[in-house]
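Read the structure below first, then the notes.
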There are 2 protein chains.
Amino acid sequence: MSKFGRELIDSLKQAVKHAEGRKVAGMRVTVVEAPDVKAIRRSLRMSQQRFAASYRIPLATIKNWEQKRRMPDAPAAAYLRAIARKPKEVAEAVAG
Amino acid sequence: MSKFGRELIDSLKQAVKHAEGRKVAGMRVTVVEAPDVKAIRRSLRMSQQRFAASYRIPLATIKNWEQKRRMPDAPAAAYLRAIARKPKEVAEAVAG
DNA sequence: CCGAATGTACGCCATTGGCGCCCAATTGTC
DNA sequence: GACAATTGGGCGCCAATGGCGTACATTCGG
């Protein structure tokens, strides 16, 4: 069996799974749209540095999110949602 | 130069950097101890499923954290901290 | 003019997120 | 007691993210 042959078969298997309505492992389909980190931060009138410190997120990670180089994963997206809606409460909760 | 030789040299370079107090790229040193997800969840008297749903974290991720198979990354740790201290406020914030 | 602060951009790589699957333990419900 | 449902532990797999470094552009106050 050639390498090409194996790859072709794998592709077909995935296609079949798709057709069956099953999910293909390793294929992530983003359902919810990405939270706009920059908008959230700006609405709080904070620099990236202060925002990062206030919510205990590494500065580099904030930068990645704002530049759309990385998408916040599910827990991070939830966290950002919480921050966007109750900035003060969350900041207090993580402080100290 | 053999493969083993190169690897040995790289290891020595890292050791030198360590000795110099510099940080070695790619080597993560966890500073804060891992949050005890199970304890947090239990104190809220929720099943893994409800906890996951309430805070919008995939069930599999909760399992990984509780079984210590994965460590929550920095944003996740901050989120858990917020949850631990202001469970109701955070739950309300992420709901809807 | 220059240094500090802020933010954009990108490389690198170990670790995590996220998914599926299976199985044991616990908790109902008849 | 028997049976089904819920809960949670354990593990393999893979792409994507987290985290850190470095360099460069822009803004701003002295």
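To find a chain, count down the sequence lines: A is the first, B the second, and so on, and within it residues start at 1.
- With hydrogens and angles disregarded, no donor-acceptor distance shorter than 3.5 Å links the side chain of A/Arg56 to the backbone of B/Ala78.
- Using a 4.0 Å heavy-atom distance criterion, B/Arg50 is classed as making no nucleic acid contact.
- Rounded to a whole Å, the CZ atom of B/Phe51 is 13 Å from the P atom of D/dG9.
- In this structure, CD1 of A/Ile57 is placed 14 Å from C1' of D/dT17, rounded to the nearest angstrom.
- Taking the side chain of B/Gln67 as heavy atoms from C-beta on, and the options D/dT17, D/dG9, C/dA9, the nearest nucleotide is D/dG9.
- Protein atom CD of A/Gln48 is 13 Å distant from nucleotide atom C1' of D/dT26, rounded to whole Å.
- For the pair B/Thr61 (side chain) and B/Ile57 (backbone), a donor-acceptor distance under 3.5 Å is absent.
- Nearest nucleotide to the B/Arg70 side chain, out of D/dC13, D/dG9, C/dC19: D/dC13.
- Listed nucleotides: D/dG8, C/dG17, C/dT8. Nearest to the side chain of A/Lys38: C/dT8.
- Atom CD1 of B/Ile62 and atom P of D/dT7 are 14 Å apart (whole Å).
- Formation of a donor-acceptor pair under 3.5 Å by the A/Arg81 side chain with backbone atoms of A/Pro35 is not found in this model.
- Distance from the side chain of A/Ser47 is smallest for C/dT6 among the nucleotides C/dG17, D/dG8, C/dT6.
- OP1 and OP2 of D/dT17 both lie 4.0 Å or more from every side-chain N or O belonging to A/Trp65.
- For A/Pro75, the listed nucleotide lying nearest its side chain is C/dG18; candidates were D/dC20, D/dG18, C/dG18.
- Taking CZ of A/Arg41 as the start and NZ of A/Lys38 as the end, the distance is 7.5 Å to the nearest 0.5 Å.
- At a threshold of 4.5 Å between non-hydrogen side-chain atoms, the residues A/Tyr79 and B/Ile83 do not count as touching.
- The shortest distance between the side-chain N/O atoms of A/Gln49 and the OP1/OP2 oxygens of C/dG7 is not below 4.0 Å.
- Atom-to-atom, CD of B/Glu66 to P of D/dC11 comes out at 16 Å; the value is rounded to the nearest Å.
- Counting atom types as modelled, A/Arg69 pairs a side-chain N or O with a base atom of C/dG11 as donor and acceptor under 3.5 Å.
- Between B/Thr61 and C/dG17, a side-chain N or O to OP1/OP2 separation shorter than 4.0 Å is absent.
- Candidate nucleotides C/dT8, C/dT16, D/dC20 were compared by shortest atom distance to the side chain of A/Lys63, and C/dT8 ranks first.
- If you measure from atom CG of A/Leu59 to atom C1' of D/dG21, you get 13 Å, rounded to the nearest angstrom.
- Taking atom CG of B/Asp73 as the reference point, atom P of D/dC20 lies 11 Å away to the nearest angstrom.
- Taking atom NZ of residue A/Lys68 and atom P of nucleotide D/dT17, one finds them 13 Å apart after rounding to whole Å.
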